[in-house]
Structure formats: C-alpha cells, structure tokens
*Asks:* 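Take this structure, written in structure tokens, and hold onto it; I'll ask about it next.
All residue numbers refer to positions in the sequence shown, counting from 1.
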Amino acid sequence: MACSTHCTLPSRSYFEALETAEKRALHSFFDQHVIEDDELGYIALDEGDYNALPAHLTARVVHTVHGGMLDEF
C-alpha cells in the first residue's frame, strides 16, 4: 500500500482510533469498534459500554478488534 507523506486528519484519526481499540482489546472481554463520526473523524468504542450497540452506531462501524480476554476460567 502506498502512503503519501501528507497525512489528512481523517486518516490520522482512523489510525489513532485503531491503536486505541487494539490496546483496549488486549485487556477486555468485549469487542472494540472503530466508529466513523461526522465531527470527530473516527473514534474507538468499547462494546462493553453498551448492552448491545444501537443500530445508529452499528451502521457506522468500520473496523472491529475482538476482545483478547477469555471468560472461560
């Protein structure tokens, strides 16, 4: 994948949200989602903050990182 030296804000916010989601997922039972936001660009969202993601958020998920902790012990 080619990358130009000029980063745009949406790209930066996506990679920041992805990094946050990946870090959180290591220590969580819940999936971490990268959500597209009209005002903020992209944000990381912890599924554990919601019983089930509302439809308006589910429609804006662009990437999911599965929770890394197991609940089997």
*Asks:* How long is the gap from CZ on Arg24 to NE2 on His33, to the nearest 0.5 Å?
*Replies:* 11.5 Å
*Asks:* Shortest non-hydrogen contact from Gly41 to Ser13?
*Replies:* CA-OG, 3.6 Å
*Asks:* Out of curiosity, does Leu40 fall in the hydrophobic cluster containing Leu45 (side-chain heavy atoms, cut-off under 4.5 Å, transitive links)?
*Replies:* yes
*Asks:* List the residues meeting side chain to side chain contact (heavy atoms under 4.5 Å, CB included) with Thr58, not counting sequence neighbours, and say none if there are none.
*Replies:* Leu53
*Asks:* Can you list everything that forms a side-chain hydrogen bond (donor to acceptor under 3.5 Å, both in side chains) with His66? Sequence neighbours excluded, please.
*Replies:* Asp31
*Asks:* Using atom types as modelled, flag every donor-acceptor pair under 3.5 Å from a side chain in residues 15-23 to any protein atom, sequence neighbours excluded.
*Replies:*
unit_1, atom_1, unit_2, atom_2, d
Glu19, OE2, Lys23, NZ, 3.3
Thr20, OG1, Glu16, O, 3.0

*Asks:* What residues, two or more places apart in sequence or in another chain, satisfy salt bridge (Lys or Arg N to Asp or Glu O under 4.0 Å) together with Arg60?
*Replies:* Asp37
*Asks:* Name all residues meeting the side-chain hydrogen bond (donor to acceptor under 3.5 Å, both in side chains) criterion together with Glu36; count only those two or more places apart in sequence or in a different chain, and write none if there are none.
*Replies:* none
